[in-house]
Amino acid sequence: MADLFALAPHRSSTAVLLAGAARERGMDVTVLPREGLLGRLPPGTGAHYYGGPHFAASAVGRLGIALLEPAVGWLDALPYAFTGRRVRCVPLSEARGTAGPVFVKPPTDKSFPAAVYADGSAVRVPAGDQGDPLVQVSEVVTWVREFRVHLLNGEIRTGSQYATFGRLDTAPLTGHTDEPAVRAFVRRLAGACADTLPSGVVLDVGLMRRGDDPGTGRWAVVEANMAWFSNVYAADPARALDVVLRSAGPYVGVRDEDAPFRRP
């Protein structure tokens, strides 16, 4: 029985590319219905998922899928040598008292726009959110170029440039003039912090600059993301799929070292 690659009903270019790669390796591919779910899976069928976290909350448990994701406070716990800036994950009420300008984003999902705000009081979250949600607050920096790499067991499977000075600008990592620098930085990070991330994860890194001085550029981590909800941009879809399948696969197959990264 072929493994199943299940897609959330909201389609995207990445979902199409990954679905094609899954079919090429003999997997059954299906788009999950918005209402209800597939019938009971046959014994021995392994299900995997790609799509958003909100739909996943109602779907993946019944399909026996475990979702792996970085810890909410992963970035702010990294050494400064890898972040190049001060990053804090704090309750929204605390963030609203932060002097600006300040960069604020949700720690993991996309519940409100990640942006530079005049100060913390300008941050707004959806009306439906309850309580005092955590938000990520950091210094404002300039990213000269940003890259997304798909990591499997701490090693780059594939990658892509995705932005230049904050604007969408995609190009494969392979053959890029910055490829050696990206790979060297990720090797240093993995060597020091590989056990702080799931074995299948997406990592965004970039060449960071402070102010207008071009001589202050340094490589740093932008953020870590769930591979099962990340754009592949110009990366190799077949190699990215390896990482997606590890990050969202059968619950019974989760490795011991990945257990702490299971999404509740």
Quiz prompt | Partner residues of D258 under the side-chain hydrogen bond (donor to acceptor under 3.5 Å, both in side chains) criterion, sequence neighbours left out | solution = S199

Quiz item: P53 versus F229: any side-chain heavy-atom pair under 4.5 Å?
Solution: yes

Practice problem: For residues A248 and I65, report the shortest heavy-atom separation together with the two atoms involved. | Solution: C-CG2, 3.7 Å

Quiz item: Below 4.5 Å, heavy atoms only, C-beta onward: do V123 and L92 meet side chain to side chain?
Solution: yes

Practice problem: Could you pull out all residues at least two apart from Y233 that satisfy ring pair (Phe, Tyr, Trp, His ring centres under 6.0 Å)? | Solution: Y162

Quiz item: Looking at residues at least two apart in the chain, or sitting in another chain, which of them share a salt bridge (Lys or Arg N to Asp or Glu O under 4.0 Å) with E24?
Solution: none

Quiz prompt | Close side-chain approach of D3 and H48, heavy atoms under 4.5 Å | solution = yes

Quiz item: Can you hop from L7 to L245 via hydrophobic side chains spaced under 4.5 Å?
Solution: yes

Exercise. Could you grab the distance from atom NZ of K105 to atom CD of Q136, nearest 0.5 Å is fine?
Key: 4.5 Å

Exercise. May I ask you to decide if the ring planes of F55 and Y49 are parallel, tilted or perpendicular, using 30° and 60° as cut-offs?
Key: parallel

Quiz prompt | Donor on one side chain, acceptor on other, N225 and S230, under 3.5 Å | solution = no

Self-check item: Any residue meeting side-chain hydrogen bond (donor to acceptor under 3.5 Å, both in side chains) with W219, in chain and number order, not counting sequence neighbours
Solution: none

Self-check item: For R187, all residues meeting side-chain hydrogen bond (donor to acceptor under 3.5 Å, both in side chains), sequence neighbours excluded
Solution: none

Self-check item: Sub-4.5 Å side-chain heavy-atom contact between V60 and L67
Solution: yes

Exercise. Please name the pair of heavy atoms, one in V221 and one in W143, separated by the smallest distance, quoted to 0.1 Å.
Key: O-CH2, 3.7 Å

Quiz item: Which pairs, with at least one residue in residues 193-207 and sequence neighbours excluded, count as a salt bridge (charged side-chain N to carboxylate O under 4.0 Å, His left out)?
Solution: R148-D204

Quiz prompt | Joint cluster assignment, Y50 & V31, ILVMFWY side-chain distance < 4.5 Å | solution = yes

Quiz item: Can M226 be reached from V201 by stepping across I, L, V, M, F, W or Y side chains whose heavy atoms are under 4.5 Å apart?
Solution: no

Practice problem: Let me see the working for M27 and L4 under side-chain contact (heavy atoms from CB on, under 4.5 Å), right down to the final yes or no. | Solution: CA-CA 6 Å; M27 300 182 72; L4 176 71; over 6 Å; no

Quiz item: Can you name the salt bridge (Lys or Arg N to Asp or Glu O under 4.0 Å) partners of R88, sequence neighbours left out?
Solution: E94

Exercise. Could you grab the distance from atom SG of C89 to atom CG of L75, nearest 0.5 Å is fine?
Key: 9.0 Å

Which pairs would a plain distance check flag for residues 165-175, meaning a side-chain donor or acceptor within less than 3.5 Å of a matching protein atom at least two apart in sequence or in another chain?
residue, atom, partner, partner atom, Å
D169, OD2, Q161, NE2, 3.1
D169, OD2, T164, OG1, 2.7

Quiz prompt | Partners passing salt bridge (Lys or Arg N to Asp or Glu O under 4.0 Å) against R239 (at least two apart in sequence or in another chain) | solution = none

Quiz item: Which heavy atom in R25 sits nearest to a heavy atom in A238, and how many Å separate them?
Solution: NH2-O, 3.0 Å

Exercise. Indicate yes or no: at least one non-hydrogen side-chain atom of D178 is less than 4.5 angstrom from one of R145.
Key: yes

Quiz item: Closest heavy-atom contact between P70 and L197?
Solution: CB-CD2, 4.0 Å

Quiz item: In chain order, what residues pass the salt bridge (Lys or Arg N to Asp or Glu O under 4.0 Å) check against R183, with sequence neighbours excluded?
Solution: E179

Which donor-acceptor pairs under 3.5 Å do side chains of residues 8-23 form with protein atoms, sequence neighbours excluded?
residue, atom, partner, partner atom, Å
S12, OG, A15, N, 3.1
T14, OG1, N231, OD1, 3.0
T14, OG1, V232, N, 3.1

Exercise. Decide if atom CD of E155 counts as having more than 12 heavy atoms of other residues, nucleotides or ligands within a radius under 6.0 Å.
Key: no

Quiz item: Under 4.5 Å between any side-chain heavy atoms of R246 and R255, yes or no?
Solution: yes

Self-check item: Pairwise distance CD(E139) to CZ(R85) - rounded to 0.5 angstrom
Solution: 8.5 Å

Practice problem: Measure across A227 and S247 and return the closest heavy-atom pair with its distance rounded to 0.1 Å. | Solution: CB-OG, 3.5 Å

Self-check item: Which atom of V102 lies closest to which atom of S138, heavy atoms considered
Solution: CG2-O, 3.5 Å

Practice problem: Nearest 0.5 Å please: distance from the OG1 atom of T30 over to the CG atom of L32. | Solution: 6.0 Å

Quiz item: So how far is it from I156 CD1 to L203 CG, rounded to the nearest 0.5 Å?
Solution: 8.5 Å

Exercise. Would you mind listing every ring-ring contact (aromatic ring centres under 6.0 Å, His included) that reaches into residues 88-107, with sequence neighbours excluded?
Key: none

Quiz item: Is it true that V137 and V87 fall in one hydrophobic cluster, defined by side-chain heavy atoms closer than 4.5 Å?
Solution: no

Quiz item: Would a 4.5 Å heavy-atom cut-off, applied to side chains only, mark L151 and V202 as touching?
Solution: no

Quiz item: Got S160 and E146 here, is their nearest side-chain heavy-atom distance under 4.5 Å?
Solution: no

Self-check item: F82 with L207, same ILVMFWY side-chain cluster at under 4.5 Å
Solution: yes

